[in-house]
Amino acid sequence: MSTQTDRTTTAPAPADAPAPAATPDRLGVGMRLSLHPHTDDFVGVILSALADVEAAGLTAGLVTETDEVSTYVGARTAPAEQRLAAYLTALVAAASRRSGGGHVVAHVLLSRGCPGEVTCDLAVTGLPHAEPVAIEPTGIRAAAQWSLYPLLDGGSDAGDHMAHIEGAIAAAQRRGVAASPAHYATRLTGDVADVVATAVDAWAQVGTEVPHVVTHLTISVGSPSPAQA
């Protein structure tokens with residue numbers, strides 16, 4: 001009598017097989033933001049807006065850490081870009097409503113491709129593709145100044161980072177959100193949702209080709225300054 005052990009083996013992947021896409025947690029997809037309601041009750045506005053976003057279920061899949069300067073929001077699971085965009089849009093809109101349509105400013109830094117807080121490992125393979133974000137309009141007009149920084153595009157003497165930036169600006173113009181160039185930034189105008197989606201989509205798209213991409217966005221709603229086209 002003989003016995004046979006059934007062993008399931010996994011065939012090795014072909015040498016030329018593409019590397020598996022990095023997860024949001026491994027890749028490092030997140031943002032750091034500061035919210036500034038221009039009102040005497042700024043503490044109440046901020047806390048109420050945060051509570052509104054949490055009540056809407058928009059903190060799922062996110063990790064938040066707040067200090068005396070800003071709040072870090074990290075996306076641990078896919079769709080990372082959608083989660084971040086929805087959170088940011090809802091927070092700015094909630095702060096605007098909680099302040100009675102007053103002046104609210106948000107400073108946002110989005111980073112993709114540098115997961116470590118102390119060290120930054122850019123040896124990332126299998127850069128994931130991100131679907132365009134979909135956010136319902138808020139009915140709140142925003143003006144923003146937007147800058148995009150591809151931080152690694154093939155080495156010290158290879159790659160053309162301006163090609164990525166110019167392509168992103170052209171995409172924003174096709175969406176009708178990019179209003180005009182400004183010193184060190186591009187001006188975006190439109191519904192808060194459209195402004196955030198434009199910046200996030202461009203940042204994520206460049207991130208499919210460049211391992212580390214940062215974008216900076218200053219969003220202003222309810223400003224007392226005259227609106228520009």
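Predicted, not measured: the structure shown is a model, and the values here were computed from it.
- Within a 6.0 Å sphere centred on CG of D40, heavy atoms belonging to other residues, nucleotides or ligands number 12 at most.
- Pairs of residues two or more places apart, or lying in two chains, that qualify as salt bridge (Lys or Arg N to Asp or Glu O under 4.0 Å) and include a residue from residues 77-90 are E81-R112.
- Scored by the side-chain hydrogen bond (donor to acceptor under 3.5 Å, both in side chains) test, H107 finds T218 as partners (sequence neighbours excluded).
- A search for side-chain hydrogen bond (donor to acceptor under 3.5 Å, both in side chains) contacts involving T39 returns nothing, not counting sequence neighbours.
- The side chain to side chain donor-acceptor pair (under 3.5 Å) contacts involving residues 48-58 comprise D52-R98, where partners must be two or more places apart or lie in separate chains.
- Closest approach of A86 and I135 over heavy atoms only: N-CD1, 4.2 Å.
- Counting all heavy atoms, side chain and backbone alike, S220 lies closest to H103 at OG-NE2, 3.0 Å.
- Every residue two or more places apart in sequence or in another chain that forms a salt bridge (charged side-chain N to carboxylate O under 4.0 Å, His left out) with D201 is listed here: R175.
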Can M31 and V200 be said to form a side chain to side chain contact (heavy atoms under 4.5 Å, CB included), step by step? CA-CA 11 Å; M31 64 183 170; V200 170; over 6 Å; no

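- The minimum heavy-atom distance between Q205 and T208, with the atom names listed, is O-OG1, 2.6 Å.
- Inter-residue side-chain proximity for D67 and E65 is flagged as unmet; no heavy-atom pair is nearer than 4.5 Å.
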Residue pair E209, L127: steps toward the side chain to side chain contact (heavy atoms under 4.5 Å, CB included) verdict: CA-CA 7 Å; E209 303 178 57; L127 296 175; 5.9 Å; no

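- Across L84 and W203, no two heavy atoms sit closer than the pair CD1-CH2, 4.1 Å.
- By the criterion of side-chain heavy atoms lying less than 4.5 angstrom apart, applied directly or through intervening Ile, Leu, Val, Met, Phe, Trp or Tyr residues, V45 is not grouped with V108; the two fall into different hydrophobic clusters.
- The cluster map of Ile, Leu, Val, Met, Phe, Trp and Tyr, joined by side-chain heavy atoms under 4.5 Å apart, puts L50 and L62 in the same cluster.
- The cluster map of Ile, Leu, Val, Met, Phe, Trp and Tyr, joined by side-chain heavy atoms under 4.5 Å apart, puts F42 and L47 in the same cluster.
- Residues forming a side-chain hydrogen bond (donor to acceptor under 3.5 Å, both in side chains) with S147 (at least two apart in sequence, or on another chain): none.
- Across every non-hydrogen atom of A78 and P24, the tightest pair is N-CG, 3.7 Å.
- Distance OG1/T138 to CG/D191: 3.5 Å, rounded to 0.5 Å.
- Between the S34 side chain and the V69 main chain, a donor and an acceptor come within less than 3.5 Å of each other.
- A continuous path of Ile, Leu, Val, Met, Phe, Trp and Tyr side chains, each step under 4.5 Å between heavy atoms, connects L109 with Y149, placing both in one hydrophobic cluster.
- Across W146 and L217, no two heavy atoms sit closer than the pair CB-CD1, 3.7 Å.
- For the atom pair CG of L188 and CD of Q145, the computed distance is 9.5 Å after rounding to the nearest 0.5 Å.
- Residue L58 is grouped with residue L91 when hydrophobic side chains (ILVMFWY) are merged at heavy-atom distances under 4.5 angstrom, including chains of intermediate members.
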Using the rule given for side chain to side chain contact (heavy atoms under 4.5 Å, CB included), can you reason through L151 versus V210, listing the C-alpha separation, both sets of side-chain angles and the distance that settles it, and then say yes or no? CA-CA 8 Å; L151 297 181; V210 180; 5.9 Å; no

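- Distance alone, capped at 3.5 Å, is enough to place a donor-acceptor pair between the T198 side chain and the D194 backbone.
- Within the model, atoms NE2 of H36 and CD1 of I219 stand 12.0 Å from one another, a figure rounded to the nearest 0.5 Å.
- The distance from the CG atom of L33 to the OG1 atom of T71 is 5.5 Å, given to the nearest 0.5 Å.
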